[in-house]
Engineer: 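I'd like to ask some things about the structure below.
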Number of protein chains: 2
Amino acid sequence: MFADREIATGELEPCGLPEHEDCGLRLVLDRLGERWTVMTVAELSAGPRRYRELQRGLDGITQRMLTLTVRRLERDGYVSRVVEPTNPPSVTYELTPRGKSFAAIAGRLVDWARVEKPFIEASRRAFDSRN
Amino acid sequence: MFADREIATGELEPCGLPEHEDCGLRLVLDRLGERWTVMTVAELSAGPRRYRELQRGLDGITQRMLTLTVRRLERDGYVSRVVEPTNPPSVTYELTPRGKSFAAIAGRLVDWARVEKPFIEASRRAFDSRN
DNA sequence: CCGCATCCGGGATGATACTG
DNA sequence: CAGTATCATCCCGGATGCGG
């Protein structure tokens, strides 16, 4: 798993890198783990959005968290931020090619999660009643 | 994206659920976002492991975090935990079918991350020097 | 060998208020 | 409209030590 490869030594490197490091995984997982990232990417995958639009689409997000989320996505190159110097200013967010590629992966996760949800919940209940 | 579906209202529900909820996403992302989950699953995808084996495979993990990580994976049904009542006891961890399915998704993430890593780092540097 | 208990710091998140 | 600033809170994760 984790892509085909040959292990000359017979030792399997689970992450697939000789350095036995975490590859660039943290780089990606750090974003993925944050509360609003996936929902924000999902929202933007439907098309460019302005700040308030985005906020309305993300039920319960605060302005602070929205700003932080899009900033970090911008920093990692998932999202582009375009400012129109009108008055009042208009800021539009849009997925970059990398963002769209990321969205495709995230989409699989979403679909998988939707299918597994009831079973995971059942597992938790079973585990909790055992303990 | 996020699987094909029709939107009767013309309104796109980014997460794909009428409830405009986060689907079962949090359920999955809560695990995925945790620091050792993916590496642990990767390790176990190479085969069953005993506690210490697992720890040796996960460079830098503390016992506390290892225990927490496998417990939560067990609770959600990704991992099965088998105790041999020997002396001293022997505990073996192994991926369940759900765990293997999850590992396949995580594997895509790992591969994607490995490819994108240098570009993401470059994006960060560019962003940081702009600000 | 396997795992739990306790203490602790830092980052993630949230509530609220304010600004060009 | 599109953010900052500030304060409070929570919990992950690390360090350490004990127990079966």
Engineer: Can you identify which nucleotide, out of D:dG17, C:dC1, C:dT13, has its nearest atom closest to the B:Gln63 side chain?
Structural biologist: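 Per side-chain heavy atoms of B:Gln63, the pick is D:dG17.
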
Engineer: Output, in order, the C-alpha distance, side-chain angles, deciding distance and verdict of salt bridge (Lys or Arg N to Asp or Glu O under 4.0 Å) for B:Asp128 and B:Arg125.
Structural biologist: CA-CA 5 Å; B:Asp128 291 344; B:Arg125 280 192 299 273; over 6 Å; no

Engineer: Atom CD of B:Glu84 and atom P of C:dG3: how far apart are they, to the nearest Å?
Structural biologist: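 One finds 12 Å between P of C:dG3 and CD of B:Glu84, rounded.
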
Engineer: Return whichever of A:Gly60 or B:Val70 has its heavy-atom-nearest nucleotide of DNA chain C closer to the 5' end.
Structural biologist: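 Result: B:Val70.
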
Engineer: Rounded to the nearest angstrom, tell me the gap between atom CZ in A:Arg49 and atom C1' in D:dA2.
Structural biologist: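 Whole-Å distance recorded here is 17 Å.
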
Engineer: Take atom CD of B:Glu74 and atom C1' of C:dC4, then tell me their distance rounded to the nearest Å.
Structural biologist: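 To the nearest whole Å, that distance equals 15 Å.
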
Engineer: Measure the distance from CZ on A:Arg56 to P on D:dG3 and round it to the nearest whole Å.
Structural biologist: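 It is 14 Å, rounded to the nearest whole Å.
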
Engineer: Does a side-chain N or O of A:Arg72 approach OP1 or OP2 of C:dT13 to a distance below 4.0 Å, or not?
Structural biologist: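 So the side chain of A:Arg72 is within the cut-off, an N or O lying under 4.0 Å from OP1 or OP2 of C:dT13.
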
Engineer: Quickly work out the B:Leu54 CG to C:dC1 C1' distance and round it to whole Å.
Structural biologist: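 Those two atoms, CG and C1', are 14 Å apart.
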
Engineer: Within the structure, does a side-chain N or O atom of A:Tyr93 lie under 4.0 Å from either OP1 or OP2 of D:dG3?
Structural biologist: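 The answer is yes; a side-chain N or O of A:Tyr93 sits under 4.0 Å from OP1 or OP2.
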
Engineer: Is any side-chain N or O of A:Arg64 under 3.5 Å from a base N or O of D:dG3, one able to act as donor and the other as acceptor?
Structural biologist: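 Absent.
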
Engineer: Let's see if you can work this out: which of D:dC1, D:dA15, D:dG3 has an atom nearest to the side-chain heavy atoms of B:Thr62?
Structural biologist: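 Closest nucleotide to the B:Thr62 side chain: D:dA15.
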
Engineer: Give a yes or no on whether B:Phe127 and A:Leu68 share a hydrophobic cluster (residues Ile, Leu, Val, Met, Phe, Trp, Tyr; joining criterion: side-chain heavy atoms under 4.5 Å apart).
Structural biologist: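 No, no single cluster joins them.
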
Engineer: Just by distance, do the side chain of A:Thr69 and the backbone of A:Thr37 share a donor-acceptor pair under 3.5 Å?
Structural biologist: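 Judged by distance alone, no pair lies under 3.5 Å.
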
Engineer: On DNA chain C, check which nucleotide each of B:Pro88 and A:Arg31 is closest to and give me the residue with the more 5' one.
Structural biologist: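 Closest to the 5' end, via its nearest nucleotide, is B:Pro88.
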
Engineer: Would you mind reading off the distance between A:Arg26 atom CZ and D:dG13 atom C1', rounded to a whole angstrom?
Structural biologist: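 Rounded to the whole Å, the gap is 11 Å.
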
Engineer: Between B:Glu53 and B:Arg50 (side chain of the first, backbone of the second, donor and acceptor by atom type, cut-off under 3.5 Å), is there such a pair?
Structural biologist: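 At least one qualifying donor-acceptor pair exists.
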
Engineer: Find which nucleotide of DNA chain D each of B:Thr69 and A:Tyr51 is nearest to by heavy atoms, and output the residue with the more 5' nucleotide.
Structural biologist: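 Closer to the 5' end of DNA chain D: A:Tyr51.
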
Engineer: Whole-Å distance between D:dG14 P and B:Asp59 CG?
Structural biologist: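 So the CG-P distance, B:Asp59 to D:dG14, works out to 12 Å.
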
Engineer: Whether A:Arg35 contacts C:dT13 is assessed here as follows: a side-chain N or O lying under 4.0 Å from the phosphate OP1 or OP2. Is that the case?
Structural biologist: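 Answer no for this pair, as no side-chain N or O of A:Arg35 is under 4.0 Å from OP1 or OP2.
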
Engineer: Taking the side chain as C-beta and beyond, is there a heavy-atom pair between A:Arg108 and A:Trp112 under 4.5 Å?
Structural biologist: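 Heavy-atom side-chain distance check fails, nothing below 4.5 Å.
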
Engineer: Would you mind reading off the distance between A:Gln55 atom CD and D:dC1 atom C1', rounded to a whole angstrom?
Structural biologist: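 One finds 11 Å between C1' of D:dC1 and CD of A:Gln55, rounded.
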
Engineer: Heavy atoms from C-beta onward define the side chain here; which of D:dG14, D:dC1, C:dG3 lies closest to that of B:Thr67?
Structural biologist: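 Out of D:dG14, D:dC1, C:dG3, the nucleotide with an atom closest to B:Thr67's side chain is C:dG3.
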
Engineer: Taking OP1 and OP2 of C:dC4, is either one under 4.0 Å from a side-chain nitrogen or oxygen of B:Arg71?
Structural biologist: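 The answer is yes; a side-chain N or O of B:Arg71 sits under 4.0 Å from OP1 or OP2.
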
